[in-house]
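Down below is the structure, laid out as structure tokens.
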Amino acid sequence: MSSGDKQVDVVVLGAGVVGVSAAYAARQRGMSVVLVDRREPGSETSYGNAGVLSSGSILPLNQPSLWGALPKYLTNRHAALRWNPAWSIRNAGWLVRFLANATAAHTRPRATALRGLIGASLKLHRQWIVAANAAHRLRETGWLKAWRSDAAAAAMAEQALLTEYGIGSELLDRQGISALEPNILPVYKVGLLHTETASIDSPGAVVKAYARMFAASGGQIHQSDIKSIVQEHDHWRVVLSDGAILARHVVVALGPWSADLLQPLGYRVPLAFERGYHQEFKPNAERSLQRPIHDAEGAFIMTPMEKGIRVTSGVELTSRDAPSSFAQLDRVVPLARGVVEFGAAVAEPWRGARPTLPDSLPMIGPAPRHSRLWLAFGHQHIGFTTGPATGAAIAAMISGEQPPFDAAPFSPSRYL
Ligand SMILES: Cc1cc2nc3c(=O)[nH]c(=O)nc-3n(C[C@H](O)[C@H](O)[C@H](O)COP(=O)(O)OP(=O)(O)OC[C@H]3O[C@@H](n4cnc5c(N)ncnc54)[C@H](O)[C@@H]3O)c2cc1C
């Protein structure tokens, strides 16, 4: 692509769920938009997730209960959390900031903020997936969190919190779980069905469908490596491996790669990576699952996907590009096989990195020291859920209008 004299209104960098959503929302407002990614839309983090459109994920990992779990995590053998000691020493400052947020006083406002973002986003997902001809990928069957131990108190506490925020759920005992998921073995004593949560059978395909909808509305998709962004007079020059694009506004939606591009502009973004893995297995047609299941104590999620049962692992804290370690997957796959029968792996394990800021809230808004530069990344465990409203908020802000939720808690200026 050559820069020429032509200038577009908006260039969106990154075609994960967040970037595609921002591009589509800007296009819906009549702006000329180019969406750039080195890969096809929805090929990275937005491809490999568990496909849960979660109404209830309002409490981030760094909440007060994390303190109780820390002793078991410190052994570095738990499937829920592994951490690289050398990385942890180098990033001790980030860890301290992350843990400092795990207090009741710091958690309530974040839950309220996330409730607003999630609620707005689920509404958009439900509209867009129909408009994008991908409604057949959406399951309105909820999400089952299940405990092997007699954890009724934990389930009731979670339900009380959800109720307080107006989020529906249903407590289940062993019989209730069997009635809901007749094909699983009776390993769970207690369940909490998140009734307003949906799921999809292929996150990558849904992002691609949203990208096609963006293109059909007149948006342009360009596949290229993004090298840098430079502010010139009244526009931005986006330098690509095959040329440049001039744009009035730039949206950075590069997920776990976002901080790299911003560093030369003087922004030190405290972005860490909660890496995660998945592997897919041939389903047994007689033993199908109706919805994703979160095994609370086993620390994995199992989602019925288009190509098989996808088992996703917990969190691995290390650098973004460190070599893979399959220890967590190796731990949880046999546990998952003990819940539902499935066949051999249909593909190699996949690895991704959940991009996370110390308060576990994404950055959604203007960069503090550059005009017309917009930041949209850091969505940790719930970026697939929250992509559409993030995109809609950025498009509204570019137009000088109010976002569809209170975006103040997500302001990039809290860290930059
Ligand atoms: C194991 C796992 C399970 C998860 N489960 C869920 C779930 O069930 N529900 C949920 O809501 N969320 C889930 N998430 C989180 C969710 O997947 C992410 O928060 C979300 O996908 C982030 O989207 P994004 O658009 O910000 O980033 P990405 O999808 O990573 O997109 C960033 C894009 O930027 C592009 N890019 C980067 N650098 C360059 C460059 N220099 N030039 C060109 N292009 C570039 C990449 O190619 C990529 O396409 C999960 C994550 C993991 C890892």
Side-chain angles (χ1 to χ4, degrees), residues 11-23 35-57 114 117-118 121-122 125 143 194 197-200 203-204 206-208 210-211 221-229 238-242 251-262 271 273-279 291-292 294 299-303 305 310-316 320-321 328-329 332 349-357 360 362-364 375-391:
V11 60
V12 178
L13 308 182
V17 66
V18 175
V20 170
S21 298
L35 173 64
V36 188
D37 199 299
R38 60 188 166 210
R39 300 190 62 187
E40 279 186 27
S43 298
E44 292 280 0
T45 332
S46 300
Y47 158 82
N49 57 75
V52 182
L53 303 184
S54 175
S55 62
S57 297
L114 288 174
L117 170 63
I118 289 171
S121 214
L122 288 179
H125 261 307
W143 180 28
H194 288 228
T197 287
S199 63
I200 48 179
V206 169
V207 180
K208 284 181 174 55
Y210 289 178
I221 300 177
H222 184 72
Q223 200 168 339
S224 182
D225 204 2
I226 302 153
K227 298 293 187 193
S228 62
I229 52 174
V238 178
V239 181
L240 307 173
S241 54
D242 60 350
V251 180
V252 178
L254 294 166
W257 295 273
S258 300
D260 304 5
L261 190 83
L262 293 168
L271 195 66
F273 310 101
E274 296 185 59
R275 299 205 320 182
Y277 298 82
H278 86 225
Q279 191 160 24
R291 57 185 56 72
H294 175 192
F300 64 89
I301 297 176
M302 228 176 1
T303 308
M305 291 286 184
R310 180 176 288 188
V311 179
T312 43
S313 71
V315 168
E316 182 192 20
R320 185 188 61 211
D321 303 323
Q328 283 159 293
L329 262 188
V332 301
W350 171 91
R351 186 190 87 212
R354 307 171 183 94
T356 303
L357 291 150
S360 293
M363 283 190 180
I364 306 172
L375 310 185
F377 56 81
H379 292 73
Q380 40 104 351
H381 294 240
I382 53 168
F384 205 91
T385 304
T386 54
T390 299

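All ligand and atom numbering here is 1-based and tracks the order in the structure.
Residue P256 places a heavy atom under 4.0 Å from ligand 1. Heavy atoms of H278 come nearer than 4.0 angstrom to ligand 1 in no pair at all. Not a single heavy atom of S54 lies less than 4.0 angstrom from ligand 1.
Listed by chain and number, the residues in a ring-ring contact (aromatic ring centres under 6.0 Å, His included) with H294 are W143 (sequence neighbours excluded).
Formation of a donor-acceptor pair under 3.5 Å by the T303 side chain with backbone atoms of A50 is found in this model.
Nearest-residue assignment for atom 23 (O) of ligand 1 (options G255, S46, G16; heavy-atom criterion): S46. Around atom 24 (P) of ligand 1, the closest heavy atom drawn from I301, D260, V18 belongs to V18.
Near V52, the atoms of ligand 1 lying under 4.0 angstrom from a non-hydrogen atom of the residue are 7 (C), 8 (O), 9 (N), 10 (C), 11 (O). Heavy-atom proximity to V17, at under 4.0 Å, picks out these atoms of ligand 1: 23 (O), 25 (O). Close approach to I382 involves these atoms of ligand 1, each under 4.0 Å from a residue heavy atom: 10 (C), 11 (O), 12 (N). Each of the following atoms of ligand 1 lies closer than 4.0 Å to a heavy atom of H381: 6 (C), 7 (C), 9 (N), 10 (C), 11 (O), 12 (N), 13 (C), 14 (N), 15 (C).
Each of E274, H381, Q380 was checked for a side-chain hydrogen bond (donor to acceptor under 3.5 Å, both in side chains) with T356, and the lone residue meeting it is E274.
Every N/O-N/O distance between Y277 and ligand 1 stays at or above 3.5 Å. Ligand 1 has no nitrogen or oxygen under 3.5 angstrom from a nitrogen or oxygen of A353.
When heavy-atom distances to ligand 1 are checked against a 4.0 Å cut-off, W257 comes that close only through its side chain, counted from C-beta outward.
Of all heavy-atom pairs between A211 and V20, the closest is N-CG1, 3.6 Å.
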